[in-house]
**Student:** 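A single structure is presented below for examination.
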Amino acid sequence: MRIGVFDSGFGGLTIFQALAARLPDYDYLYLGDNARTPYGNRSFETIYRFTREGVDFLFSRGCKLIIIACNTASAKALRAIQQNVLPTQYPGRNVLGIIRPSVEELAKQSKTRVVALWGTEGTVKSDSFALELAKSAPQIRLFQRACPMLVPLVEAGELAGGGTDFFINRYWSETHALHPGIDTLLLACTHYPLLYARIRALVPPEVNILIQGNFVAPSLADYLTRHPEIDSDLTRDGSRAFFTTDRTEGFDKLAEAFLGHSVISEKITL
Ligand code: DGL
């Protein structure tokens with residue numbers, strides 16, 4: 001059985017890349033719902049339905065464990081799937097998101113206990129990170145800023161240049177205005193690591209910038225150690241398969257930009 005990685009499109013490849021680098025022997029299936037991306041500003045009901053369909057597909061292809069490598073889907077659909085779907089339809093299998101490890105890392109890294117995140121409208125409006133933080137690290141204050149221009153900039157290949165810098169500067173000054181003591185900024189959207197070089201150059205050096213792949217991968221490794229009943233069913237032939245709900249040519253081209261090596265995907269319908 002494999003590890004499934006689900007995202008609304010390409011962005012989850014940044015998480016997939018980190019998982020495959022940290023745990024290279026496992027077999028992975030990646031599904032990008034490119035036909036319906038972006039999820040960022042869609043309603044709860046829609047994101048839940050789309051994510052549920054993606055999860056059903058990955059389970060039908062033999063996944064034992066699925067990582068929802070999309071902040072918006074983790075924020076809006078994960079809990080409902082874990083509570084309502086897994087126990088009745090997929091007992092013994094699991095679906096994990098990327099919010100809990102993110103929140104744990106924020107609590108670990110911040111000295112001032114004042115942190116910020118950048119994400120999509122959907123992630124910010126769901127307040128899921130703040131709710132998770134309130135449970136596990138209530139001493140931390142979180143300020144959130146939706147950055148709706150950053151995903152389209154990445155998808156258009158605008159990873160540097162005046163337009164990109166303009167929006168990063170604007171989002172940072174609006175974030176800093178929320179609280180001057182922010183010492184840690186979480187990039188809580190799968191696309192933003194591709195803008196890391198410009199974000200790092202424009203956000204003051206004393207602010208620590210967190211990229212999710214760096215800690216989601218060790219967190220999965222830790223999970224597998226603690227859950228031998230899942231780990232023992234996972235096969236380890238180092239295989240990777242990529243599925244997309246849209247044209248494969250487009251997926252393969254952008255996936256290569258994300259991963260740095262060529263990819264041959266298969267188109268599926270959810
Ligand atoms: N994958 C999404 C996220 O991490 C960003 C792209 C989208 O809006 O679908 O929130």
**Student:** Out of curiosity, does I68 fall in the hydrophobic cluster containing L186 (side-chain heavy atoms, cut-off under 4.5 Å, transitive links)?
**Tutor:** no
**Student:** Determine whether Y48 and N84 satisfy the following criterion, side chain to side chain donor-acceptor pair (under 3.5 Å), listing intermediate values before the conclusion.
**Tutor:** CA-CA 12 Å; Y48 175 72; N84 308 333; 4.9 Å; no
**Student:** Could you report the tightest heavy-atom contact between A18 and G213, atom names first, then the distance?
**Tutor:** CB-O, 3.3 Å
**Student:** Ignoring hydrogens and geometry, is there a side-chain-to-backbone donor-acceptor pair from K64 to G92 under 3.5 Å?
**Tutor:** yes
**Student:** Is F50 reachable from V151 through a run of hydrophobic residues whose side-chain heavy atoms are each under 4.5 Å from the next?
**Tutor:** no
**Student:** For Y26 and R236, does a side-chain donor sit closer than 3.5 Å to a side-chain acceptor?
**Tutor:** yes
**Student:** For the residue pair N71 and T123, confirm or rule out a side-chain donor-acceptor distance under 3.5 Å.
**Tutor:** no
**Student:** In Å, rounded to the nearest 0.5 Å, how long is the span from CG of L13 to CG of L259?
**Tutor:** 4.5 Å
**Student:** Determine whether L159 and F166 fall in the same hydrophobic cluster, where Ile, Leu, Val, Met, Phe, Trp and Tyr are linked whenever their side-chain heavy atoms lie under 4.5 Å apart.
**Tutor:** yes
**Student:** If you define the side chain from C-beta out and look only at heavy atoms, does anything of I268 sit under 4.5 Å from T244?
**Tutor:** no
**Student:** Going through the checks in order, is the ring-ring contact (aromatic ring centres under 6.0 Å, His included) test met by Y30 and F6?
**Tutor:** CA-CA 6 Å; Y30 182 92; F6 175 75; 8.5 Å; no
**Student:** Check step by step if side-chain contact (heavy atoms from CB on, under 4.5 Å) holds for L220 and L23.
**Tutor:** CA-CA 9 Å; L220 177 61; L23 299 161; 3.7 Å; yes
**Student:** For R36, is there an ion pair with E53 - N to carboxylate O distance below 4.0 angstrom?
**Tutor:** yes
**Student:** Using modelled atom types and a 3.5 Å cut-off, is there a donor and acceptor pairing between side-chain atoms of D27 and backbone atoms of G238?
**Tutor:** yes
**Student:** Same hydrophobic cluster for F10 and I211, using side-chain heavy-atom links shorter than 4.5 Å among ILVMFWY?
**Tutor:** yes
**Student:** Ignoring hydrogens and angles, state whether a donor on the side chain of Q109 or N208 is under 3.5 Å from an acceptor on the partner side chain.
**Tutor:** yes
**Student:** At what distance, to the nearest 0.5 angstrom, does CD1 of I209 lie from OH of Y192?
**Tutor:** 13.5 Å
**Student:** State whether the side chain of D237 and the backbone N or O of S239 hold a donor-acceptor pair below 3.5 Å, judged by distance alone.
**Tutor:** no
**Student:** As an exercise, state the distance from CZ of R198 to CG of L150, rounded to the nearest 0.5 Å.
**Tutor:** 13.0 Å
**Student:** Less than 4.0 angstrom from a charged side-chain N to a carboxylate O is my criterion; do R170 and E174 meet it?
**Tutor:** yes
**Student:** Quick check on the 6.0 Å ring-centre criterion: do F243 and F251 meet it?
**Tutor:** no
**Student:** Is it the case that atom CZ in R113 sees more than 12 heavy atoms from other parts of the structure closer than 6.0 Å?
**Tutor:** no
**Student:** Tell me, yes or no, whether the heavy-atom count around R42 atom CZ, taken from other residues, nucleotides or ligands under 6.0 Å, exceeds 12.
**Tutor:** yes
**Student:** Which pair of heavy atoms, one from P148 and one from E121, lies closest together, and at what distance?
**Tutor:** CG-OE2, 3.9 Å
**Student:** Examine distances only and state if a side-chain atom of T14 and a backbone atom of P193 form a donor-acceptor pair shorter than 3.5 Å.
**Tutor:** no
**Student:** Evaluate the criterion side-chain contact (heavy atoms from CB on, under 4.5 Å) for residue pair T37 and D7; output intermediate values, then yes/no.
**Tutor:** CA-CA 9 Å; T37 201; D7 182 52; over 6 Å; no
**Student:** Does a side-chain heavy-atom distance below 4.5 Å link V85 with R52?
**Tutor:** yes
**Student:** Under 4.5 Å between side-chain heavy atoms, hopping through other hydrophobics if needed: is there a path connecting Y28 to V95?
**Tutor:** no
**Student:** Output yes when a side-chain donor or acceptor of H227 lies under 3.5 Å from a complementary backbone atom of E229, and no otherwise.
**Tutor:** no
**Student:** For the pair E132 and R79, find out whether any cationic side-chain nitrogen is under 4.0 Å from an anionic carboxylate oxygen.
**Tutor:** yes
**Student:** With the side chain counted from C-beta on, respond yes when T225 and D231 share a heavy-atom pair under 4.5 Å apart, and no when they do not.
**Tutor:** no
**Student:** Does either side chain, that of E256 or that of H261, offer a donor lying less than 3.5 Å from an acceptor on the other one?
**Tutor:** no
**Student:** Using the rule given for side chain to side chain donor-acceptor pair (under 3.5 Å), can you reason through Q144 versus D127, listing the C-alpha separation, both sets of side-chain angles and the distance that settles it, and then say yes or no?
**Tutor:** CA-CA 9 Å; Q144 307 182 64; D127 225 20; 2.8 Å; yes
**Student:** Check for a donor-acceptor pair, side chain of T190 on one end and backbone N or O of C70 on the other, with a separation under 3.5 Å.
**Tutor:** no
**Student:** Is the closest side-chain donor-acceptor distance between E158 and T164 under 3.5 Å?
**Tutor:** no
**Student:** Of all heavy-atom pairs between R22 and P218, which one has the smallest distance, and what is that distance?
**Tutor:** NE-CA, 4.1 Å
**Student:** Measuring from atom CZ of R200 to atom CG of L185, what distance do you get when rounded to the nearest 0.5 angstrom?
**Tutor:** 8.5 Å
**Student:** Determine whether a donor-acceptor pair (N or O, by modelled atom type, separation under 3.5 Å) exists between the side chain of S110 and the backbone of T184.
**Tutor:** no
**Student:** One thing to verify: whether K111 and D183 come together as a salt bridge, which I'm taking to mean a side-chain N less than 4.0 angstrom from a carboxylate O.
**Tutor:** no
**Student:** Could you go through T51 and I81, starting from their C-alpha distance and side-chain angles, then the distance that decides it, and tell me whether this counts as side-chain contact (heavy atoms from CB on, under 4.5 Å)?
**Tutor:** CA-CA 9 Å; T51 307; I81 289 174; 3.9 Å; yes
**Student:** For the side chain of S74 and the backbone of G97, is there at least one donor-acceptor N/O pair under 3.5 Å apart?
**Tutor:** no
**Student:** Could you tell me whether the side chain of R93 and the main chain of C63 form a donor-acceptor pair under 3.5 Å?
**Tutor:** yes
**Student:** Could you tell me if the side chain of N169 sits less than 4.5 Å from the side chain of W172, heavy atoms only?
**Tutor:** no
**Student:** In terms of side-chain geometry, is the basic nitrogen of D246 or K267 positioned less than 4.0 Å from the acidic oxygen of its partner?
**Tutor:** no
**Student:** Under a 4.5 Å cut-off applied to non-hydrogen side-chain atoms, are F143 and R141 in contact?
**Tutor:** yes
**Student:** Are the side chains of D252 and F242 in touch, meaning some heavy atoms are under 4.5 Å apart?
**Tutor:** no
**Student:** For T72 and T120, does a side-chain donor sit closer than 3.5 Å to a side-chain acceptor?
**Tutor:** yes
**Student:** Ignoring hydrogens and angles, state whether a donor on the side chain of Y39 or D33 is under 3.5 Å from an acceptor on the partner side chain.
**Tutor:** yes
**Student:** Shortest non-hydrogen contact from T245 to N34?
**Tutor:** OG1-N, 3.1 Å
**Student:** Counting C-beta onward and ignoring hydrogens, is there a side-chain heavy-atom pair between L78 and I99 closer than 4.5 Å?
**Tutor:** no
**Student:** Any heavy-atom pair between the side chains of F215 and S102 that's under 4.5 Å?
**Tutor:** yes
**Student:** To the nearest 0.5 Å, tell me how far T248 OG1 sits from K253 NZ.
**Tutor:** 13.0 Å
**Student:** What's the shortest heavy-atom distance between A75 and S126, and which atoms?
**Tutor:** CB-OG, 3.3 Å
**Student:** Could you walk me through whether L96 and I66 pass side-chain contact (heavy atoms from CB on, under 4.5 Å), step by step?
**Tutor:** CA-CA 6 Å; L96 303 172; I66 296 172; over 6 Å; no
**Student:** From the options L194, V207, L187, select the one residue that forms a side chain to side chain contact (heavy atoms under 4.5 Å, CB included) with I199.
**Tutor:** L187
**Student:** Could you measure the distance from the CZ atom of F57 to the CG atom of L29? Nearest 0.5 Å is fine.
**Tutor:** 7.0 Å
